[in-house]
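This report concerns only the one structure given below.
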Amino acid sequence: MPPRDARAESIAAAVNAWFADAARPLPWRAADISPWAVLVSEFMLQQTQVARVVPLWEAWLARWPSPADLAASPPAEAVRAWDRLGYPRRALWLHEAAVEITERHGGEVPADLDALLSLKGVGPYTARAVAAFAFGLRHPVVDTNTRRVLARAVAGQAEPGPPATARDLAAMEALLPVDPDAAHVFNAGAMELGATVCTAASPRCGDCPIAALCAWRAAGYPEYDGPRKARQAPFAGSDREARGLVMAELRRAHHPVTRAELAAIVTDAARLGRAVAGLVADGLAVEEAGGLRLPDA
DNA sequence: AATACGTGGAA
DNA sequence: TTTCCAAGTAT
């Protein structure tokens with residue numbers, strides 16, 4: 001592991017001390033939480049705010065307390081339970097991951113990074129988050145919050161550059177405490193700091209535990225001059241919106257929905273066509289004689 | 001490497 | 001009201 005200098009140790013110590021007091025009592029942080037519960041939380045939290053996840057996470061685990069429980073239900077039920085969380089492919093992938101865990105891992109969420117990465121819907125972030133938060137293993141965990149904290153505190157820039165997993169992990173590794181328990185806390189604490197204090201739009205530097213160590217602050221808060229992120233395409237009138245409208249109808253109707261019924265919901269025929277074709281290609285919808293429905297298996 | 005993928009909270 | 005963007009992943 002790379003050498004940790006005194007500055008790195010000071011940053012980690014300050015973040016961990018702050019986190020001990022400032023951590024939000026999120027349900028997946030409770031003691032004795034199962035690896036499956038952590039995995040579900042990480043799927044739901046991908047590109048989705050904490051406040052929207054909590055109630056769905058509670059309901060999901062009450063209904064499917066283990067991977068085998070979810071694997072025994074049809075994917076349609078997973079998609080319905082996902083409700084309006086967004087990116088419903090995640091529900092399908094989580095179901096698929098549950099089947100893989102049940103069939104290939106004896107029903108136990110694996111702790112090994114490569115085994116986690118091989119699960120559908122589990123990428124570099126989620127694999128490390130589960131290994132670290134569910135199993136206490138000492139891996140750097142870097143999400144968008146941590147990327148921003150590292151960009152500011154270490155690189156002295158207002159915003160992180162374009163995602164670069166290897167570089168981001170190396171930057172986190174350089175700060176990560178050697179002790180596994182302290183590393184676990186720092187992984188969670190850096191994310192929490194980015195989520196609640198070192199926020200994207202209006203950082204509250206007056207409340208920041210590492211303000212005195214922050215390179216961005218020391219440099220006088222220079223504006224970001226690197227490559228800008230591509231602007232998100234407008235949602236209104238988009239294919240994404242059409243997919244969402246179709247999925248809402250499929251979740252609601254517990255029977256095949258005809259093309260005529262869908263045409264009343266998405267009036268632009270070309271847009272409807274692209275949405276349906278995409279949903280079928282993604283496995284989120286199935287075409288049959290009577291219309292479109294959620295996948296049974 | 002760039003793009004598609006949902007929905008809604010917050011300023 | 002817009003606009004940004006949020007515990008990313010797959011292709």
Side-chain angles (χ1 to χ4, degrees), chain A residues 23-24 26-29 37-57 79 82-94 96-97 116-134 139-149 158-166 168-169 172 187-196 198-204 224 227-251 266 271 274-275 277-279 281-285:
Chain A
R24 293 167 292 175
L26 305 180
W28 42 86
R29 286 177 178 164
V38 173
L39 180 66
V40 172
S41 77
E42 295 300 344
F43 263 85
M44 291 184 168
L45 286 163
Q46 291 169 4
Q47 295 284 284
T48 308
Q49 302 93 324
V50 165
R52 298 178 55 207
V53 165
V54 172
L56 279 169
W57 180 88
V79 171
W82 202 258
D83 196 39
R84 301 183 63 80
L85 244 203
Y87 292 144
R89 291 186 295 186
R90 292 182 293 168
L92 214 52
W93 293 340
L94 180 53
E96 192 171 331
L116 285 163
L117 282 167
S118 77
L119 299 174
K120 191 70 168 182
V122 174
Y125 164 75
T126 302
R128 287 178 175 78
V130 170
F133 300 142
H139 294 294
V141 180
V142 180
D143 77 329
T144 186
N145 293 303
T146 297
R147 272 168 49 73
R148 186 171 51 252
V149 169
E159 298 177 27
T165 303
D168 295 337
L169 290 176
M172 188 59 174
N187 274 320
M191 289 174 61
E192 186 81 346
L193 186 63
T196 64
C198 192
T199 56
S202 48
R204 298 171 21 240
Y224 180 67
R228 303 295 315 196
K229 275 170 286 204
R231 225 173 70 90
Q232 224 174 52
F235 184 66
S238 69
D239 287 359
R240 288 162 86 158
E241 180 187 41
R243 287 171 57 109
L245 291 168
V246 171
M247 287 303 295
E249 182 60 17
L250 297 190
R251 288 193 307 265
V266 179
R271 202 158 70 99
R274 289 192 302 272
L279 292 171
D282 288 345
L284 280 166

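Letters A, B, ... mirror the listed sequences (proteins, then strands); counts begin at 1. Hydrogens, waters and symmetry mates play no part in the numbers below; they use all other heavy atoms, side chains included.
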Have a look at A:V122 and say if it touches a base, only the backbone sugar-phosphate, or nothing, with a 4.0 Å heavy-atom cut-off.
-> sugar-phosphate
Any sub-3.5 Å donor-acceptor pair from A:R128's side-chain atoms to A:H139's backbone N or O?
-> no
Classify the nucleic acid contact of A:R84 as base, sugar-phosphate or nothing, counting any heavy atom under 4.0 Å across all strands shown.
-> sugar-phosphate
Which comes earlier along DNA chain C counting from the 5' end, the contact point of A:K120 or that of A:M191, where each point is its nearest nucleotide?
-> A:M191
Interface with DNA chain B, restricted to residues 44-57 of chain A and to heavy atoms under 4.0 Å = A:Q47, A:T48, A:Q49, A:R52
Using the C1' atom as the reference point in each nucleotide, state the distance between C:dT1 and B:dG8 in Å, no decimals.
-> 16 Å
Taken to the nearest whole Å, CZ/A:F235 to C1'/C:dC5 is 14 Å
Presence of A:R148 side-chain N/O under 4.0 Å of C:dA6 phosphate oxygens OP1/OP2 = yes
note: A:L117, atom CG; C:dA10, atom P; distance rounded to Å ~ 9 Å
Roughly, in whole Å, what's the span from OH in A:Y125 to P in C:dA6?
-> 13 Å
In whole angstrom, what separates A:R274's CZ from B:dA4's C1'?
-> 13 Å
Mind checking A:A200 for me? I need base, sugar-phosphate or nothing, with any heavy atom below 4.0 Å counting as a touch.
-> sugar-phosphate
Base, sugar-phosphate alone, or nothing: which one does A:T146 contact when heavy atoms must sit under 4.0 Å apart?
-> nothing
Which part of the nucleic acid, if any, lies within contact of A:P124, taking any heavy atom under 4.0 Å across all strands shown: a base, the sugar-phosphate backbone alone, or nothing?
-> sugar-phosphate
Heavy-atom donor-acceptor pair, A:R52 side chain to A:R84 backbone, under 3.5 Å | yes
Carefully, step by step, assess A:L56 and A:W82 under the rule side-chain contact (heavy atoms from CB on, under 4.5 Å).
-> CA-CA 7 Å; A:L56 279 169; A:W82 202 258; over 6 Å; no
Grab the two heavy atoms, one from A:Y224 and one from A:P160, that are nearest each other, plus how far apart they are.
-> OH-O, 3.7 Å
First encountered from the 5' end of DNA chain C, between A:G121 and A:E42 = A:E42
side-chain hydrogen bond (donor to acceptor under 3.5 Å, both in side chains) filter on A:Q232, not counting sequence neighbours, yields none
side-chain hydrogen bond (donor to acceptor under 3.5 Å, both in side chains) with A:T48: which residues, sequence neighbours excluded?
-> A:R90
Give a yes or no on whether the backbone of A:V266 and the side-chain of A:R271 come within a donor-acceptor separation of less than 3.5 Å.
-> no
Per nearest nucleotide of DNA chain B, the residue lying toward the 5' end, A:A248 or A:A230, is A:A230
What residue among A:T146, A:T196, A:V142, A:T144 forms side chain to side chain contact (heavy atoms under 4.5 Å, CB included) with A:M191?
-> A:T146
Results of side-chain hydrogen bond (donor to acceptor under 3.5 Å, both in side chains) for A:E42 - residues two or more places apart only | A:Y125
Spell out yes or no: do the side chain of A:Y87 and the base of B:dG6 have one donor N/O and one acceptor N/O closer than 3.5 Å?
-> yes
Have a look at A:P88 and say if it touches a base, only the backbone sugar-phosphate, or nothing, with a 4.0 Å heavy-atom cut-off.
-> sugar-phosphate
Atom CG of A:D282 and atom C1' of C:dA10: how far apart are they, to the nearest Å?
-> 10 Å
To the nearest 0.5 angstrom, please state how far the CZ atom of A:R147 sits from the OG1 atom of A:T165.
-> 8.5 Å
Across the strands shown, which category fits A:G123 at heavy-atom distances under 4.0 angstrom: base, sugar-phosphate, nothing?
-> sugar-phosphate
Whole-Å gap separating C1' (B:dA4) and CD (A:E241) | 16 Å
Using a 4.0 Å heavy-atom cut-off across all strands, classify A:W28 as base, sugar-phosphate, or nothing.
-> base
Rounded to whole angstrom, note down the C1' distance from C:dC4 over to B:dG6.
-> 16 Å
Whole-angstrom distance between B:dA1 and C:dA10, as gauged at atom C1' | 13 Å
Compare the minimum distances between each of B:dT7, C:dA10, C:dG8 and the side chain of A:T144, then state the nucleotide with the smallest one.
-> C:dG8
Value in whole Å for how far the P atom of C:dG8 lies from CG of A:L119 | 18 Å
Between A:G86 and A:A201, which is nearer to the 5' end of DNA chain B once each is assigned its nearest nucleotide?
-> A:G86
Using nucleotides 2-4 of chain C, report all nitrogen or oxygen pairs with the protein that are shorter than 3.5 Å.
unit_1: C:dC4; atom_1: OP2; unit_2: A:R231; atom_2: NH1; d: 2.5

Can you check the A:L85 CG to B:dC5 P distance for me, whole Å?
-> 18 Å
Atom P, compared across B:dA11 and C:dA7: separation rounded to whole Å = 13 Å
The side-chain hydrogen bond (donor to acceptor under 3.5 Å, both in side chains) partners of A:D282 (sequence neighbours excluded) come to A:R243
